[in-house]
Structures are given as structure tokens and as C-alpha cells.
Amino acid sequence: MSACAVVMMGAKGRMGSTLVRLAQEDPELNLVGVVERPGLEAGLEALGCVVGNSLEEVLAKLSNAVVIDFTTPEVSVSTAKTVAAMGHRAVIGTTGLNAEQTAQVRTAAEQAPILWAPNMSVGVNVLLRLLPRLVTMLGPAYDLEMVELHHKAKKDAPSGTAVKLAQCLAEAKGWDFEKTKRYCREGIIGARPEQEIGVQTIRGGDVVGDHTVYFLGPGERIEVTHRAHSRETFAQGALRAAKWIAGQKPGKLYAIADMLG
Ligand code: NAD
């Protein structure tokens with residue numbers, strides 16, 4: 001089987017540089033292109049692949065590539081549209097996309113195979129399967145709260161992972177997520193409503209990413225914590241997703257759950 005051709009968007013970023021390094025070490029992948037903002041491309045020529053500031057220009061020199069994108073919401077929407085228009089594929093890990101941006105990526109996924117996941121780690125994706133079971137087993141007497149902790153340079157809050165976990169909890173409860181999410185509490189707020197999922201954000205230092213879900217019941221509580229020790233866990237998940245998406249057809253916006261089966 002020939003190696004999967006990958007193009008890295010944001011190759012100098014925290015995730016991008018980790019992905020570049022791991023892709024180069026993986027015999028099943030062939031790093032064929034990298035894209036960075038103008039002025040940041042210095043040194044990337046040493047990678048021995050196509051280097052550019054524009055994804056369109058880089059993809060025009062390549063065929064059948066999977067673009068891996070951990071950048072910003074605006075850039076990732078543009079990446080999705082570009083791969084759809086040019087007949088390539090994408091794995092997107094960027095978080096903080098609003099509803100309209102998510103809809104645009106979903107539309108692009110009708111024409112090109114695209115996987116988007118706010119968290120590429122196996123652990124968090126297993127957690128997404130376990131949480132509904134805990135909700136069902138514990139029943140209505142347990143209040144749901146979450147705390148997420150990330151490094152101080154993170155731009156979006158709450159984290160995409162926290163939003164995804166909270167959506168999963170709301171779905172398991174049969175609640176409307178938009179009406180039950182609570183991202184902030186201040187002042188005389190009164191007693192906690194029963195149908196509420198609180199998500200609190202902490203930022204500081206170089207924390208890669210911690211999420212704790214609390215099930216707070218009468219006389220006891222369960223705390224379920226996932227801690228990412230290194231960006232490599234996300235990067236390995238994204239590289240596995242790149243190999244997987246290379247064999248998929250367009251038609252839906254894929255998630256890690258589709259890959260895990
Ligand atoms: P970062 O700021 O370190 O990296 C982003 C990179 O994108 C930078 O190098 C920047 O120059 C580059 N970039 C911006 N605009 C560009 C453009 N037009 N063309 C090419 N490159 C461009 O950020 P990061 O910490 O690597 O995180 C990036 C995103 O990934 C964030 O949304 C973050 O929340 C998300 N993330 C997701 C996961 C996951 O598992 N899905 C894990 C970690 C981070």
C-alpha cells in the first residue's frame with residue numbers, strides 16, 4: 001500500500017509542528033506539503049516538500065492529499081472549502097467554530113471526505129461513549145458539572161472538548177443543550193436549576209488539556225478526569241484519522257467515533 005500524502009496547515013504551530021515531526025517518522029505517511037502564514041515559512045524548505053502561504057497553490061501541485069488543519073476557525077472553514085473544490089480530503093482539529101462555520105464545514109463535507117474532531121485523543125473519545133452510561137446509571141439525582149483547564153495561550157473558551165462532552169451529557173439526559181449549558185455564574189444566582197450543565201474554564205501555564213466531569217449526588221460524587229500529558233496524543237489521533245479518511249467517501253462530516261467504529 002502506498003503512503004498517505006499529507007499536507008500540514010499551520011506547520012509552525014504548537015499542534016502543526018508536532019504533527020510535522022510525527023508524520024515524518026511514520027512510514028505510512030508522506031509529508032508532501034506545508035502551509036504557513038506569510039513570513040513564517042522560513043526553515044520549512046528543509047522538510048523537502050512543497051511549501052507555501054496559500055493552500056490552493058500548494059494543492060495545485062499535488063494530487064490526492066489529506067490536509068491536516070489545526071489553525072483557526074476562519075482558516076479551517078477555508079480549508080474545508082478548498083479541499084472540496086480541488087478534490088482533496090481534510091482532517092480538521094481546530095476548535096471554537098461557531099454554528100455558521102460548522103455548517104460551512106458540513107456543507108463542504110458533502111463534496112469531499114472531511115473529519116472534524118474537537119479532540120483527537122482516544123481517551124476523550126472513549127469518554128464520550130462512557131458518559132451516557134454513567135448518566136443513565138446514576139439517574140436524575142446527580143447534578144452535572146465540568147471544569148476544563150488549558151494553557152494560557154488558548155484562544156477559545158470553553159474548550160471544544162468541554163463543549164463536546166457537555167453536548168454528550170445533555171443528549172444522554174434528553175435536554176436541550178443550548179438551554180441547559182451554563183458557562184458562567186456570578187452574583188445572586190439563586191439555587192441551581194435541575195436541568196443545568198455547568199462548565200467552568202481555567203487558563204494558565206502550559207497545561208495541555210484537563211477535563212473533569214462531576215456527577216454530584218446526595219452524599220457522594222463521582223469525578224471523571226481526562227488529562228492530556230502531551231500534544232502527541234492529539235497528533236497521533238489526527239494522523240490515524242488522516243490514513244482513515246483517505247479511504248472514505250464524501251457525504252457526511254465524519255467524527256472520530258466513525259473511525260473507531
Ligand atoms: P497555534 O496558534 O500554536 O498554531 C496555529 C498555527 O496556524 C500557527 O502556526 C499559525 O501561524 C497558523 N496559521 C494561522 N493562519 C494560517 C493560514 N492562513 N495559513 C496557514 N497557517 C496559518 O495553535 P495550536 O495550539 O496549535 O491550536 C490550533 C487549534 O487546534 C486550536 O483551535 C486548538 O484549540 C486546536 N486543538 C485541537 C486539538 C484536537 O485534538 N482536536 C488538540 C489541540 C489543539
Side-chain angles (χ1 to χ4, degrees), residues 6-23 33-44 47 49-59 65 67-83 90-98 101-102 105 114-128 148-165 201 203 205-211 226-242 244-245 253-257 259-260:
V6 292
V7 171
M8 222 60 82
M9 284 294 285
K12 288 254 178 108
R14 278 177 288 265
M15 280 304 298
S17 54
T18 308
L19 282 155
V20 164
R21 179 169 53 77
L22 294 180
V34 289
V35 184
E36 249 305 348
R37 285 182 295 158
L40 287 184
E41 63 273 50
L44 291 174
L47 295 170
C49 60
V50 181
V51 180
N53 304 129
S54 144
L55 181 61
E56 286 88 341
E57 285 172 22
V58 168
L59 287 181
V67 179
I68 303 182
D69 183 314
F70 284 70
T71 55
T72 66
E74 298 75 21
V75 174
S76 295
V77 169
S78 166
T79 293
K81 290 180 179 174
T82 303
V83 297
V91 168
I92 298 174
T94 305
T95 59
L97 278 70
N98 61 30
Q101 289 166 328
T102 306
V105 173
I114 298 176
L115 180 147
W116 174 72
N119 193 306
M120 301 273 180
S121 80
V122 171
V124 162
N125 286 284
V126 168
L127 200 53
L128 285 166
E148 64 98 337
L149 173 55
H150 281 85
H151 58 91
K152 58 187 170 191
K154 184 163 178 61
K155 294 185 183 125
D156 54 318
S159 72
T161 303
V163 174
K164 183 78 183 164
L165 292 170
T201 296
R203 291 286 176 268
D206 58 359
V207 180
V208 174
D210 290 5
H211 295 83
H226 177 272
R227 294 188 210 284
H229 299 174
S230 131
R231 288 187 176 83
E232 290 198 8
T233 186
F234 308 125
Q236 292 292 8
L239 297 179
R240 182 174 162 189
W244 180 82
I245 203 77
L253 180 57
Y254 291 104
I256 292 287
M259 178 179 86
L260 295 178

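Atoms within each ligand, like the ligands themselves, are counted from 1 in listed order. Throughout, residue positions are numbered sequentially from 1 according to the sequence presented.
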query = Taking atom 31 (C) of ligand 1 as the point of reference, which of Val34, Thr71, Thr72 owns the nearest heavy atom?
reply =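 Shortest heavy-atom distance from atom 31 (C) of ligand 1: Thr71.
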ask   = Between the candidates Glu36, Arg37, Lys164, which shows the shortest non-hydrogen contact distance to atom 8 (C) of ligand 1?
value =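 Looking at heavy atoms only, Glu36 sits closest to atom 8 (C) of ligand 1.
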What protein heavy atom is closest to [atom], reported as residue, atom name and distance in Å?
| atom | result |
| --- | --- |
| atom 19 (N) of ligand 1 | Met9 CE, 3.6 Å |
| atom 34 (O) of ligand 1 | Thr95 OG1, 2.6 Å |
| atom 18 (N) of ligand 1 | Val75 CG2, 3.5 Å |
| atom 39 (C) of ligand 1 | Pro118 O, 3.4 Å |
| atom 30 (O) of ligand 1 | Phe70 CD2, 3.5 Å |
| atom 44 (C) of ligand 1 | Met15 CG, 3.7 Å |

Could an N or O of ligand 1 be found under 3.5 Å from any N or O of [X], whether backbone or side chain?
| X | answer |
| --- | --- |
| Ala117 | yes |
| Phe234 | no |
| Met120 | yes |

Under a 4.0 angstrom heavy-atom cut-off, which atoms of ligand 1 come close to [X]?
| X | answer |
| --- | --- |
| Leu40 | 11 (O) |
| Lys12 | 9 (O) |
| Lys154 | 34 (O) |

ask   = Does the gap between the ring centers of Tyr254 and Trp116 come in under 6.0 Å?
value =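 Ring-ring flag for Tyr254/Trp116: false, centres at least 6.0 Å apart.
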query = Looking at Phe70 and Leu19, what are the two nearest heavy atoms and their distance?
reply =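 Answer, listing the atom of Phe70 first, then Leu19: CD1-CD1, 3.5 Å.
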